[in-house]
Amino acid sequence: EPLTGKEVLIKAVAQAIPTFAMGCFDITKDICDQISKLIGKFWWSSQDRENKMHWVSWEKLTLPKSQGGLGFRDNPTFKLAMLAKQAWRLVHDPTSLCAQVLRAKYFPHGDVLKASSRGGMSYTWRSILQGVKVLKNGMIWRVGNGSSVKIWEDPWLPREWTRRPITPRRGCLLNTVGELFDPVTEGWDEPLVRQTFFEEDVRLILSLPTHPELDDVVAWHYDPKGMFTVRSAYKVQREHDQRLSRRGGASSSGSQVMEGEHWKALWKLKCPGKVKHLFMAPDPKQLSCLSGAAQERDGFGYEMRGLQQAR
């Protein structure tokens with residue numbers, strides 16, 4: 001859909017300027033909040049040095065348009081997605097000069113996914129470790145010979161809510177996925193798999209192809225080709241944060257799907273973008289703080305109460 005002038009300036013300029021720094025360093029939350037504050041002030045004000053009421057919270061503006069937001073970037077989340085890209089490069093290009101230097105100093109065992117923080121580490125490495133955490137939320141092992149994949153520790157089952165087996169280990173001596181192969185057929189040892197795992201895990205394991213001649217590789221679960229993208233990592237991290245914030249609350253997936261269809265239809269309307277923005281309901285906090293004072297102004301109090309009832 002066509003964007004308004006301010007949307008273009010914010011998305012193509014204001015949010016693009018700190019991209020390089022976010023891809024190298026773990027910028028503090030205070031700096032991210034200051035950037036968001038400046039962008040929000042620019043969005044709601046028509047002139048410089050003018051403070052206007054922010055009718056919609058910044059958190060809502062950063063939601064996708066299918067959820068009633070404007071798709072502005074959430075800077076802390078985007079920063080983590082950019083740092084995850086650096087961690088992905090260390091995993092898939094271990095022969096690069098940067099990877100060799102960091103490996104020699106911080107993870108001599110050779111596995112950046114198992115690296116941990118320690119005293120005296122540089123700010124750059126501390127930032128990359130934040131990206132490793134995001135990478136773990138969306139990575140999956142593509143099984144080859146199975147010698148590098150830990151059955152009970154690594155994510156290797158193609159499943160949304162967890163990519164590790166749900167079967168408890170219970171003193172099982174099996175350690176790597178390669179031990180589940182039949183040495184004669186080089187396929188899955190079906191009796192052993194059924195003996196070891198729950199039925200749900202068995203179904204997933206037996207559906208996986210086996211390639212004993214290939215090495216195990218780390219892939220991105222949310223891409224059909226297994227390739228990492230910052231856009232996908234940003235979406236995964238946003239959903240991860242939203243799940244944590246909603247933990248313990250009631251699920252409303254059905255209503256969210258229906259609401260998403262309504263928003264998609266709205267943004268496809270052939271009308272100016274400013275008209276579409278009027279459908280974004282103000283936050284109740286902004287309305288409540290002005291309702292008392294608004295009642296004393298001619299006609300404005302009735303408009304405010306009407307907005308509250310419409311919401």
Side-chain angles (χ1 to χ4, degrees), residues 1-19 22 32-33 35-47 50 52-82 138 160 220 222-224 229-246 249-287 290 303-311:
E1 70 279 351
L3 303 178
T4 62
K6 282 191 174 182
E7 274 189 90
V8 174
L9 287 174
I10 290 174
K11 293 182 177 179
V13 180
Q15 293 190 324
I17 290 175
T19 299
M22 289 183 177
C32 291
D33 291 342
I35 296 174
S36 301
K37 183 178 179 181
L38 291 173
I39 295 176
K41 183 177 180 181
F42 172 75
W43 174 254
W44 293 107
S45 302
S46 57
Q47 296 181 2
E50 187 178 43
K52 290 292 189 69
M53 172 65 70
H54 294 200
W55 292 103
V56 179
S57 67
W58 178 253
E59 289 74 16
K60 186 172 183 179
L61 292 179
T62 58
L63 292 175
K65 287 194 171 184
S66 61
Q67 298 179 15
L70 290 178
F72 293 159
R73 289 175 184 165
D74 179 65
N75 288 318
T77 306
F78 181 72
K79 167 199 66 178
L80 293 176
M82 291 292 293
E160 287 299 324
W220 185 250
Y222 298 93
D223 182 78
T229 61
V230 174
R231 181 177 182 179
S232 177
Y234 176 83
K235 182 179 179 180
V236 170
Q237 186 63 25
R238 284 280 286 181
E239 293 176 351
H240 176 74
D241 294 340
Q242 290 174 2
R243 284 195 301 270
L244 292 179
S245 63
R246 292 196 303 263
S251 177
S252 58
S253 58
S255 61
Q256 289 177 356
V257 172
M258 184 177 298
E259 183 180 355
E261 295 298 327
H262 293 164
W263 281 111
K264 289 179 181 178
L266 170 65
W267 295 116
K268 290 181 180 179
L269 294 177
K270 295 182 179 180
C271 62
K274 291 183 178 181
V275 176
K276 300 176 185 178
H277 295 161
L278 295 176
F279 289 90
M280 299 181 64
D283 288 342
K285 292 182 180 180
Q286 278 81 347
L287 292 178
L290 292 179
E303 296 177 7
M304 299 297 293
R305 287 194 296 274
L307 284 173
Q308 288 177 320
Q309 294 175 358
R311 183 173 178 85

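Just so it is clear, the values below take in all heavy atoms, side chains as well, and ignore hydrogens, waters and symmetry mates.
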In Å and rounded to the nearest 0.5 Å, what is the [atom1] to [atom2] distance from [X] to [Y]?
X	Y	atom1	atom2	answer
His262	Trp267	NE2	CH2	15.0 Å
Lys79	Asp74	NZ	CG	9.5 Å
Phe72	Lys60	CZ	NZ	13.5 Å

Point to revise | Any residue meeting side-chain contact (heavy atoms from CB on, under 4.5 Å) with Glu59, in chain and number order, not counting sequence neighbours | key: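 Ser57.
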Review point. side-chain contact (heavy atoms from CB on, under 4.5 Å) with Leu266: which residues, sequence neighbours excluded?
Key: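 If we apply the side-chain contact (heavy atoms from CB on, under 4.5 Å) test to Leu266, skipping adjacent residues, the hits are Trp263, Leu269, Phe279.
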Exercise for review: Go through the structure and list residues passing side chain to side chain donor-acceptor pair (under 3.5 Å) with Gln237, not counting sequence neighbours.
Suggested key: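 Expected list: Asn137, Asp241.
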Practice item. Not counting sequence neighbours, which residues clear side chain to side chain donor-acceptor pair (under 3.5 Å) with Ser36? List them please. Key: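 Here the qualifying residues are Trp58, Asn75.
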Which atom pair, heavy atoms only, marks the closest approach of [X] to [Y]?
X	Y	answer
Trp44	Val56	CZ2-N, 3.5 Å
Leu70	Lys11	O-NZ, 2.9 Å
Lys41	His54	N-CE1, 3.8 Å

Check your understanding: Does Lys264 use its side chain to pair, donor to acceptor, with the backbone of Ser66 at less than 3.5 Å?
Key ->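 Not confirmed, Lys264 side chain does not pair with Ser66 backbone.
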Point to revise | Passing candidate, side chain to side chain contact (heavy atoms under 4.5 Å, CB included) with Gln15, options Leu9, Ile35, Ile39 | key: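 With Gln15 as partner, side chain to side chain contact (heavy atoms under 4.5 Å, CB included) holds for just one option, Ile39.
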Review point. Taking it one step at a time, do Arg238 and Phe78 satisfy side-chain contact (heavy atoms from CB on, under 4.5 Å)?
Key: CA-CA 9 Å; Arg238 284 280 286 181; Phe78 181 72; over 6 Å; no
Point to revise | Residues that Tyr234 engages under ring-ring contact (aromatic ring centres under 6.0 Å, His included), provided they are two or more places apart | key: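 So Tyr234 forms no ring-ring contact (aromatic ring centres under 6.0 Å, His included) with any residue.
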Review point. Less than 4.5 Å apart, any side-chain heavy atom of Thr77 and any of His240?
Key: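 No; the side chains remain at least 4.5 Å from each other.
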Exercise for review: Decide yes or no for Arg73 and Thr19: does some side-chain heavy atom of the first lie under 4.5 Å from some side-chain heavy atom of the second?
Suggested key: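 The answer is yes, as the side chains (C-beta and beyond) meet within the 4.5 Å cut-off.
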Review point. Who pairs with Asp223 by salt bridge (Lys or Arg N to Asp or Glu O under 4.0 Å), at least two apart in sequence or on another chain?
Key: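 For Asp223 there are no salt bridge (Lys or Arg N to Asp or Glu O under 4.0 Å) partners, ignoring immediate neighbours.
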